[in-house]
There are 2 protein chains.
Amino acid sequence: MDTPLVRKLQRFARLSSGEKQALNEAARLNVRRIGPREDIIREGERPDQVNLILSGWACRYKQLEDGRRQIIAILLPGDLCDTHAFVMPEMDHSIGTLSVVTVAEIDRDALTTITEQHPRVTQALWWETLVGTAVQREWTVNIGQRTATERLGHLFCELFLRMRAVDLTDGPSCELPITQVDLADALGLSNVHVNRVLQELRANGLVTLRGRLLTIPDLPALKTASLFNPNYLHLDRIGRHLDATDE
Amino acid sequence: MDTPLVRKLQRFARLSSGEKQALNEAARLNVRRIGPREDIIREGERPDQVNLILSGWACRYKQLEDGRRQIIAILLPGDLCDTHAFVMPEMDHSIGTLSVVTVAEIDRDALTTITEQHPRVTQALWWETLVGTAVQREWTVNIGQRTATERLGHLFCELFLRMRAVDLTDGPSCELPITQVDLADALGLSNVHVNRVLQELRANGLVTLRGRLLTIPDLPALKTASLFNPNYLHLDRIGRHLDATDE
DNA sequence: CGCTACGTTGAGTGGCATCAAGCGCGGTGG
DNA sequence: CCACCGCGCTTGATGCCACTCAACGTAGCG
């Protein structure tokens with residue numbers, strides 16, 4: 001069974017079985033289990049390994065002096081937390097868990113070795129970070145321009161599609177292991193308002209939410225209601241650049 | 001005289017004179033002059049060269065179907081527009097000018113040649129893009145959590161420091177070749193409200209704005225008023241990693 | 001069985017948007 | 001040289017979207 005990272009990277013590059021194996025092994029070496037609402041890395045720290053989410057949800061966030069918190073990005077299984085550590089020594093934001101999370105700590109040097117041996121992996125990881133910044137740009141648009149309802153709907157579309165990209169959806173449903181307070185901090189809204197907007201989406205039949213399970217019965221409808229355009233996720237094409245002649 | 005790109009990169013890596021020369025020459029080959037309010041690249045296009053801003057201001061932006069526009073990033077002299085084109089074929093956003101702009105079109109292959117010959121340049125360019133995404137993260141925080149006044153003050157701090165990093169400030173002042181409408185689209189506010197908030201900043205003596213010249217008489221004061229922490233710009237240290245033994 | 005965390009609901013408020021009109025200035029053409 | 005025009009800035013009036021404060025319901029858990 002491939003790790004979510006490999007499942008995701010395969011959308012971009014056709015990895016050879018050797019490449020997959022190298023990545024999968026690295027992701028199984030130092031696995032750590034972390035409870036919800038804990039920090040993985042804090043602003044100011046200098047990590048010397050890369051954290052890979054294997055299961056559960058985490059987030060990047062920044063906190064202002066007066067306590068206001070903005071969740072900057074939501075990290076799903078298959079997401080790498082701190083690849084920038086290779087170039088930038090000091091974290092300018094924190095990473096914390098939202099749910100129970102298992103992460104693999106991948107040694108910096110181990111990852112370097114893999115990328116040196118497998119240029120396709122290097123390319124695929126580069127693609128991974130570029131998609132991450134494309135998502136970041138879309139969040140700016142989301143918070144800056146969309147109404148509260150559109151914002152929440154847009155976020156649901158994104159999360160659902162990203163979960164599907166790592167095979168963690170079940171038909172029209174996926175896990176949503178995150179509180180309304182966290183949603184609020186991600187969207188720049190208050191938790192009270194998130195609650196009301198959520199009810200509106202439910203009333204319109206655009207989503208249902210039972211327990212921690214999100215269901216989107218009519219994804220196209222939610223997309224149009226949220227002005228959602230999936231192009232920024234760059235999921236559509238398997239990489240033509242990089243074809244593995246499986247050795 | 002070095003181009004702004006070299007001036008900026010030197011904050012991170014001590015480049016040899018040969019490296020500087022290579023970059024400067026590439027930036028002087030195909031120079032183009034563009035009027036204000038024009039597009040450099042549009043969403044959906046597939047650029048095969050990299051655009052480098054030499055003078056003037058540009059922006060990344062996205063437009064929703066109903067016309068709402070969000071400026072995602074402001075590009076200053078020394079900024080590269082579309083390095084992701086190396087990995088992602090299709091633009092998921094547009095780049096347009098704010099003022100009159102001169103850009104250098106750098107051929108993709110030419111840049112590849114430079115980076116292959118000069119690993120320090122590769123590293124420095126990587127740093128450049130990482131700073132870009134760090135700025136993007138901070139914009140998310142800015143729009144998501146700060147009040148209108150803090151938002152505008154924060155943006156002014158950032159732009160001033162980034163201009164200073166490429167030696168385009170004059171004491172406490174720098175050019176601000178951008179309209180209030182553009183500021184509004186960058187901050188997720190209406191132009192009317194930007195105008196009022198601007199007056200508030202002026203009344204408090206935090207900024208003065210005459211013609212297209214921004215002056216920040218007391219930068220520390222504006223910083224605290226805006227909850228500004230410059231760490232995300234990663235300007236503080238000249239790279240220790242990468243020292244040129246000038247050949 | 002009480003505690004805590006999360007979700008829900010109501011009332012009141014305010015920040016910021018929208019609409020609309022007027023101002024100042026530089027550019028252009030008669 | 002001046003009238004005209006357009007663009008960007010400014011100001012006022014009005015209204016709504018979303019925030020704050022506060023209380024209560026509910027479910028999981030030690």
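Just so we're on the same page: letters track the sequence lines, and every chain starts at 1. Values in this document were obtained by computation on a predicted structure and should not be read as measured data.
Comparing B:Val192 and B:Arg151 by the nucleotide of DNA chain C that holds the closest heavy atom to each, the one mapping nearer the 5' end is B:Arg151.
D:dA18 atom P lies 15 Å from atom CD of A:Gln199, rounded to whole Å. In this structure, the CD atom of B:Gln145 is 15 Å from the P atom of D:dA18, given to the nearest Å. Rounded to a whole Å, the CG atom of A:Leu183 is 13 Å from the P atom of D:dC19. Following rounding to the nearest Å, B:His193 (NE2) and D:dG15 (P) show an atom-to-atom distance of 19 Å.
A:Thr169 places no side-chain N or O within donor-acceptor distance of the main-chain N or O of A:Cys174, the cut-off being under 3.5 Å. Side-chain atoms of B:Thr97 come within 3.5 Å of backbone atoms of B:Glu38 as a donor-acceptor pair (strictly under, hydrogens ignored).
For CZ of A:Arg202, the number of neighbouring non-hydrogen atoms (other residues, nucleotides, ligands) closer than 6.0 Å is greater than 12.
Among residue pairs with one or both ends in residues 50-79 of chain A, those qualifying as salt bridge (charged side-chain N to carboxylate O under 4.0 Å, His left out) are A:Lys8-A:Asp79, A:Lys62-B:Glu138, A:Asp66-A:Arg68, A:Arg68-B:Glu150, A:Arg69-A:Asp182, A:Arg69-A:Asp185, A:Asp79-A:Arg162; sequence neighbours excluded.
Side-chain atoms of A:Gln136 and B:Gln136 form no donor-acceptor pair, as typed in the model, at a separation below 3.5 Å.
In terms of phosphate contacts, B:Asn195 brings no side-chain nitrogen or oxygen within less than 4.0 Å of OP1 or OP2 of D:dC9. Taking side-chain N and O atoms only, A:Arg146 has no distance below 4.0 Å to OP1 or OP2 of D:dC17.
Taking a heavy-atom distance under 4.0 Å as the criterion, the stretch of DNA chain C touched by chain A extends 5' to 3' from C:dC6 to C:dA11.
We find the CD-CG distance between A:Glu200 and A:Asn195 to be 12.0 Å, quoted to the nearest 0.5 Å.
Picking from D:dC19, D:dG8, D:dG12 the nucleotide with the shortest atom distance to the side chain of B:Arg196 gives D:dG12.
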